[in-house]
Protein chains: 2
Amino acid sequence: MRQGLSAKVSPMPIAASLLRSRVFDGLTDAERACWLDRGTTATFARGQTVARQGEPARSFYVLESGFLKLLQLTAEGTELIMRFVVPGEPFGGVVALSDAPYPVTAVAVQPSVVRTWSRETVADLLGVTPQVRVNIMREMASHMTHLLTRVRELTTARVDERLAHTLLRLARQCGRPTPDGVLITQRLTRQEFADLTGTTLYTVSRTLTKWESMGLIETRKRLLLLRSLEKLERVGGAEDE
Amino acid sequence: MRQGLSAKVSPMPIAASLLRSRVFDGLTDAERACWLDRGTTATFARGQTVARQGEPARSFYVLESGFLKLLQLTAEGTELIMRFVVPGEPFGGVVALSDAPYPVTAVAVQPSVVRTWSRETVADLLGVTPQVRVNIMREMASHMTHLLTRVRELTTARVDERLAHTLLRLARQCGRPTPDGVLITQRLTRQEFADLTGTTLYTVSRTLTKWESMGLIETRKRLLLLRSLEKLERVGGAEDE
DNA sequence: CGTGGGTTTGAGTCGGATCAAATCTCGTGG
DNA sequence: CCACGAGATTTGATCCGACTCAAACCCACG
């Protein structure tokens, strides 16, 4: 049923992204090792589902490598991307600690390796290293804040402004600096930008084209290059050309 | 001043809302009493601000009596209501446990009494009763889920549908059953409904008027009476007349 | 009574969704 | 290595929901 679980499971790899993950802040090396030991890894191909919205939460995850999107599906099937997950980031924590169904679906955008802990294992390990609970809460608090500003933007800001913020957020999360600006290191479709911003792919296309002609951004081999973060930040109020 | 739980009648119910608050689930009576002891109460008149968005978080709160709204302000001054707080509900918990500025402003809609714990006191008490941390996380998880569905609704649903959901949520939070339907026990202005739904007071007015003429709702002395929750739930897809 | 906050209602406008179609890209297999 | 086809993107034309502005109205209150 869950396609993802057919993925292969291996015990050995030591992922650097896990070691420096902020969920393990404040732990000793031994404690970190203990967490890693007790988790299993699973790999997912592009498009596979790691966890499904509405299912009872069975596991806590940290992404080792790859790239995931967390999304909500509407009744009509439109998908809305809540956020992306980059290596080192946890997900499913919300519910490994309270008990509720997963609030979102996690899908691999790139081939991904995920470290997994069962509910019981987490409960067990938290007994030994309660600091992790605090770290997870910190993550939650930060997502909460993001969601709040997103709700605010959705009701007050124009599409242009929201798209600009989406790009800036992506730049922060998976951008690489280059001489000409910040390159977003993921190939995202117009549709995905739209799902992320809460608009349609057509509007995204038009807007990006406009910005490209204004020299704000540039598309290089399917990747987006932001030439000026400052100017992007100012989009919204000052729409002229 | 604060005494054991062995019942003592007083004109002001002594924090009954606090005793049954879900933040204190799983605690013994003694532990609850301990929390209550260490908190101080403060009262706020209608319109006063309890905590301000952006300020460093100094306290954790539980509402004893009254009614609060948590809102975000935009640069232009538009306010957007994130949620209401009814007696027994905590707020500011997000940040008493991580450390970030308050993500929202809390304003008293009705004269309110608030129990307050300082950051340090909370840290102290959590050492003794760690269960409270879990309870707070459960609250956070539930708000998170609400925010997620709200974000989804804002991008996909029509105003009618969103307003209907707003009313249903209010009914759940502060509704009282009557023979004719559920009465929302707070006098909210059209503007507040709008701030809550992410629309304008004009659209709210038109929509409510329409629903009233359809017999879905009714205004009684400034309060809103929902005559049929079921029909309200079906609004959105089925707009006809 | 007046006065002011809240509400209703009307008319006009526009951002952005929708639908349709042409064009581009790139991975794939021949 | 090239040509093909599926998916992605661009662009145009049209339409509608909901915001905006303006004005009248309704009440609760002193």
Side-chain angles (χ1 to χ4, degrees), chain A residues 45-47 74 76-81 109-111 153-164 166 184 186-214 217-224 235-241, chain B residues 46-47 74 76-80 109 152-166 184 186-214 217-224 235-241:
Chain A
R46 177 194 300 255
T74 66
E76 302 84 39
T78 344
E79 72 179 44
L80 186 96
I81 302 180
V109 176
Q110 298 297 330
E153 272 189 9
L154 279 170
T155 61
T156 61
R158 301 267 91 96
V159 166
D160 294 70
E161 192 178 343
R162 276 156 35 205
L163 182 55
T166 299
I184 292 175
Q186 287 292 330
R187 290 145 73 115
L188 299 171
T189 65
R190 299 288 180 256
Q191 180 66 55
E192 281 170 324
F193 282 121
D195 292 342
L196 213 77
T197 308
T199 178
T200 62
L201 73 106
Y202 309 104
T203 302
V204 169
S205 174
R206 285 180 230 274
T207 308
L208 291 185
T209 305
K210 185 180 71 184
W211 286 347
E212 183 144 22
S213 80
M214 290 165 67
I217 61 171
E218 199 180 311
T219 355
R220 283 188 183 172
K221 291 194 38 60
R222 295 293 207 151
L223 293 181
L224 216 57
V235 169
E239 285 299 316
D240 47 70
E241 81 286 353
Chain B
R46 177 193 298 256
T74 67
E76 303 83 39
T78 345
E79 72 180 42
L80 186 96
V109 176
R152 173 163 48 76
E153 272 188 9
L154 278 169
T155 62
T156 60
R158 302 267 92 95
V159 166
D160 294 70
E161 192 178 345
R162 276 156 35 204
L163 182 55
H165 283 179
T166 299
I184 292 175
Q186 287 290 331
R187 288 145 75 118
L188 300 171
T189 65
R190 300 286 180 256
Q191 180 65 56
E192 281 170 323
F193 283 121
D195 292 342
L196 208 61
T197 309
T199 178
T200 63
L201 73 105
Y202 309 104
T203 302
V204 169
S205 174
R206 284 180 230 273
T207 308
L208 291 185
T209 305
K210 186 178 72 184
W211 287 347
E212 184 143 21
S213 79
M214 290 165 68
I217 61 170
E218 198 181 313
T219 359
R220 283 190 182 169
K221 292 192 39 60
R222 295 296 207 152
L223 293 182
L224 215 56
V235 169
E239 286 296 316
D240 49 71
E241 84 275 6

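Quick caveat, the model's predicted, so the values are computed rather than measured. To find a chain, count down the sequence lines: A is the first, B the second, and so on, and within it residues start at 1.
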Would Thr166(B) and Thr197(B) count as a side-chain hydrogen bond (donor to acceptor under 3.5 Å, both in side chains) if you check the C-alpha gap in whole Å, the side-chain angles of each, and the deciding distance to 0.1 Å? CA-CA 6 Å; Thr166(B) 299; Thr197(B) 309; 3.2 Å; yes
Applying side chain to side chain contact (heavy atoms under 4.5 Å, CB included) to Leu208(A) and Ile217(A), what does each step give before you reach the verdict? CA-CA 8 Å; Leu208(A) 291 185; Ile217(A) 61 171; 3.7 Å; yes
Tell me, with the steps shown, if Thr189(A) and Leu201(A) meet side chain to side chain contact (heavy atoms under 4.5 Å, CB included). CA-CA 9 Å; Thr189(A) 65; Leu201(A) 73 106; over 6 Å; no
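Within the model, atoms CG of Asp160(B) and OG1 of Thr203(B) stand 9.0 Å from one another, a figure rounded to the nearest 0.5 Å. Distance check, rounded to the nearest 0.5 Å: CG of Leu196(A) to CZ of Arg162(A) gives 11.0 Å.
The residue among Ala157(A) and Arg222(A) whose nearest nucleotide of DNA chain C lies closer to the 5′ end is Ala157(A).
Residue-level contact check: Arg187(A) touches the backbone only, with heavy atoms under 4.0 Å from sugar-phosphate atoms and none from bases. Among the protein residues, Thr189(A) comes within range of the sugar-phosphate backbone only, with heavy atoms under 4.0 Å from sugar or phosphate atoms but none that close to a base.
Here dC21(D) is the nucleotide among dC21(D), dC19(D), dG16(C) with the atom lying nearest to any side-chain atom of Tyr202(B). For Leu201(A), the side-chain atoms get nearest to dT10(D) when compared with the rest of dT10(D), dC19(D), dG16(C). For Thr203(A), counting side-chain heavy atoms from C-beta on, the closest listed nucleotide (dG17(D), dT10(D), dA17(C)) is dA17(C).
If you take CZ of Arg158(B) and P of dG15(C), they are 18 Å apart, rounded to a whole angstrom. The distance between atom CZ of Phe193(B) and atom P of dC19(D), rounded to the nearest whole Å, is 16 Å. Atom CD in Glu161(B) sits about 14 Å away from atom P in dG17(D), given to the nearest Å. Leu163(A) has its CG atom 15 Å from the C1' atom of dG15(C), to the nearest Å. Note: CG (Leu224(B)) to P (dG6(C)) measures 17 Å, nearest angstrom. Remark: P of dG15(C) and CG of Leu154(A) are 19 Å apart, rounded to the nearest angstrom. The interatomic distance linking Lys210(B) (NZ) with dA18(D) (C1') rounds to 12 Å, in whole Å. The distance between atom CG of Leu223(A) and atom C1' of dT9(D), rounded to the nearest whole Å, is 16 Å.
Scanning atom types as modelled, one donor and one acceptor separated by under 3.5 angstrom connect the side chain of Arg206(B) and the base of dT20(D).
Phosphate contact (OP1/OP2 of dT7(C), side-chain N/O of Thr209(B), threshold under 4.0 Å): absent. Applying the 4.0 Å criterion to OP1 and OP2 of dG16(C), one finds that Thr200(A) has every side-chain N and O outside that range.
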